[in-house]
Each structure stands twice: as structure tokens, then as C-alpha cells.
**Q** 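Got a structure for you, questions after.
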Amino acid sequence: MALTTVTLPDGTAAVVHTEGIATTNVARHGGRTGLIKDVLHHVDTEAAVMGCTALRQASTVGENVTVEDKPYGLYAEVRVLCTAAECREMAEHCEKVGEPFVDAPAARAWALAKASADQEARDMVQERADAAVMDANLAVLRQSDPDADRLFRPGIFNAQLDASGRDIGLGAALEQYAAAKRDEGRMDRFGALFTGTTDNQEDAFLPAGAMTEDSR
């Protein structure tokens, strides 16, 4: 198994574990399915030797293995991104004293792409959670505030996420609502839309000179 050091976009020191099997006799492995199982078995063995949780988890997921047709036969490979300090230390040692891993640049590129995709997925989950909170806050406000009832349709925050970047009027509604609450002296109601979310997103829609309690 090859170990490649990589620094992720957020500064995390990580390692890419790479395990592969090249074969000219696929039948000896029991076909593609058997070849994948053999790669995962190797990963599981390394997981036990290194005490690596990331490897152990990866050893049970066949979808982690890529199989490529080569002129000589097949090549099956699995890459595993790991942030364990022990694995990082071992990878640094191997890179100092061992032979250079020819696929290290590709492994690092894969790790950076995976980290970016994973972060985007986490961001989307958080955006969905925030949108659900804001829609719930809006439902409460619409019952007591005519401006909220007039300017926003129910569920508009989640609907905006489903609009694939198309503006459905949420930005304009937020700006109009903020202006109305500023004139009314009830910026607390505007701020209440965002209560319980991860960011003070209301700041982007505040009219000139207006402040919520959170932005003071």
C-alpha cells in the first residue's frame, strides 16, 4: 500500500492510502467482482496492521474500488483519504526514506477533489437545515405580522434552494421586509427570521442605517 501526504484546502494534514492490483488473469481472481474483493481484502489487512479506522471502513465498500481496462488486463485500485496522525507520520517517513510513489500527484489531486466535494455536500446539508429553520420562523411571523404575510410565500427559503440558482424573489422580499421593519422600529422581527441559523445572513439584506440586535 502506498501512502501519500496531502494538505487539504482547510489546512488539514492528511494521507491518501492507495491499494491496487494489476492482473493479466482476471479469471484467477474470479472476474471483476472477485478482483474488487481481493483489493478490499488487502485494504482490510492493512487496516488491521496500521490500526486505521478510515481503511477499515473503506474495506467494506465495493463502490470505493475503480477497475480499469489495461492493455495487459485489469487494474483495480482504491484510494482512501485519512486524517489520522499516526498514518500521517508514517506517510511522511515513507516519503523521506522510500521510493517515490509515481502516482502521488494523481493521489493528491484526487484527495483535493474529494475534500472539495465533501465540503460542498456538508454545506448543502447545512443550507437545507438553515432553510428549514427560516421557513419555520417565517410561518410564525406570518401569523402576527401582515408584512411578513404579504411579502413571503410559505416555504420560500427551501423553494429558493430548489430553484437551481433562479431568483424567485426572495432577495427582494427580504430587502422590502427589512425596510418595512426599519421604518416600523421592529428590526427584531426581521432578525427573528434568522434565529437558529448558523450565520447572521440577515446582514446582507439590511437597508442603509438599519441594524438588528445581533449586528449591533
Side-chain angles (χ1 to χ4, degrees), residues 1-22 35-68 70 74-134 157-158 160-165 194-205 214-215:
M1 175 170 285
L3 304 179
T4 306
T5 60
V6 61
T7 300
L8 302 182
D10 64 357
T12 300
V15 177
V16 181
H17 298 267
T18 305
E19 181 65 64
I21 295 178
L35 182 59
I36 291 173
K37 289 181 179 179
D38 287 346
V39 171
L40 293 179
H41 176 70
H42 287 186
V43 172
D44 185 57
T45 300
E46 290 291 337
V49 171
M50 300 177 67
C52 178
T53 300
L55 286 177
R56 184 171 295 108
Q57 292 174 343
S59 70
T60 64
V61 185
E63 288 78 5
N64 289 334
V65 182
T66 60
V67 180
E68 298 181 39
K70 298 290 186 180
L74 292 180
Y75 177 66
E77 181 182 80
V78 61
R79 288 177 176 144
V80 180
L81 186 59
C82 169
T83 58
E86 297 82 0
C87 292
R88 174 70 183 207
E89 291 176 7
M90 185 178 297
E92 291 174 349
H93 175 73
C94 290
E95 289 180 347
K96 287 180 180 179
V97 304
E99 291 293 325
F101 178 41
V102 294
D103 283 338
R108 291 191 177 99
W110 171 85
L112 294 175
K114 176 175 173 52
S116 178
D118 289 348
Q119 184 59 54
E120 288 179 5
R122 288 191 294 271
D123 289 345
M124 179 53 68
V125 169
Q126 188 59 62
E127 285 182 19
R128 283 290 179 187
D130 284 346
V133 170
M134 289 185 284
F157 289 98
N158 258 304
Q160 183 62 70
L161 290 182
D162 292 329
S164 301
F194 304 90
T195 299
T197 60
T198 53
D199 300 310
N200 291 325
Q201 302 172 52
E202 67 268 27
D203 292 351
F205 302 96
D214 287 340
S215 62

**Q** Without swapping roles, check the side chain of Arg56 against the backbone of Gly51 for a donor-acceptor pair under 3.5 Å.
**A**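 A pair under 3.5 Å: no.
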**Q** Return the CZ to CG distance between Phe101 and Leu3, rounded to the nearest 0.5 Å.
**A**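 Separation between the atoms: 9.5 Å.
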**Q** Strictly distance-based, threshold 3.5 Å: is any side-chain N or O of Ser116 a donor or acceptor partner for the main-chain N or O of Leu112?
**A**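 Pair absent, no side-chain N/O of Ser116 close to backbone of Leu112.
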**Q** Can you see which heavy atom on Ala76 is nearest to which on Val67, and at what distance?
**A**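 In this case the closest contact between Ala76 and Val67 is CB-CG2, 4.1 Å.
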**Q** Here's a test for you: under side chain to side chain contact (heavy atoms under 4.5 Å, CB included), which of Val49, Val43, Thr45 qualifies with Met1?
**A**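 With Met1 as partner, Val49, Val43, Thr45 yield a single side chain to side chain contact (heavy atoms under 4.5 Å, CB included), made by Val43.
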**Q** Once you round to the nearest 0.5 Å, how far does CD of Glu120 lie from CZ of Arg122?
**A**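 It comes to 10.5 Å.
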**Q** Should the pair Glu92-Arg88 be classified as a salt bridge under the 4.0 Å nitrogen-to-oxygen rule?
**A**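 Arg88 and Glu92: salt-bridged.
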**Q** Measuring from Glu63:CD to Ile36:CD1, what's the distance to the nearest 0.5 Å?
**A**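 Here the rounded value is 8.5 Å.
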**Q** Of Thr197, Asn158, Thr198, which meets side chain to side chain donor-acceptor pair (under 3.5 Å) against Asp130?
**A**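 For Asp130, the side chain to side chain donor-acceptor pair (under 3.5 Å) test succeeds with only one of Thr197, Asn158, Thr198, which is Thr198.
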**Q** Going by atom type alone, with no hydrogens or angles, which donor-acceptor pairs under 3.5 Å involve a side-chain atom of residues 11-21 and a protein atom two or more places apart or on another chain?
**A**
unit_1, atom_1, unit_2, atom_2, d
Thr12, OG1, Asp10, OD1, 2.8
Thr12, OG1, Asp10, OD2, 3.3

**Q** How long is the straight-line distance from CG of Asp118 back to CG of Leu81, given to the nearest 0.5 Å?
**A**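 If I round to the nearest 0.5 Å, the distance is 7.5 Å.
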**Q** What are the two closest non-hydrogen atoms of Phe157 and Ala131, and how far apart are they?
**A**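 Taking every non-hydrogen atom into account, CB-O, 3.8 Å.
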**Q** Heavy atoms only: give me the nearest Ala91-Thr5 pair and the separation to one decimal.
**A**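 Taking Ala91 first and Thr5 second, the nearest heavy atoms are CB-CG2, 3.7 Å.
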**Q** Taking all non-hydrogen atoms of both residues into account, name the closest pair between Ala58 and Leu40 and its distance.
**A** O-CD2, 3.6 Å
**Q** State the CD-SG distance between Glu46 and Cys52, to the nearest 0.5 angstrom.
**A**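 Going from CD on Glu46 over to SG on Cys52, the span is 10.0 Å.
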**Q** I need the Arg79 CZ to Asn64 CG distance, nearest 0.5 Å.
**A** 12.5 Å
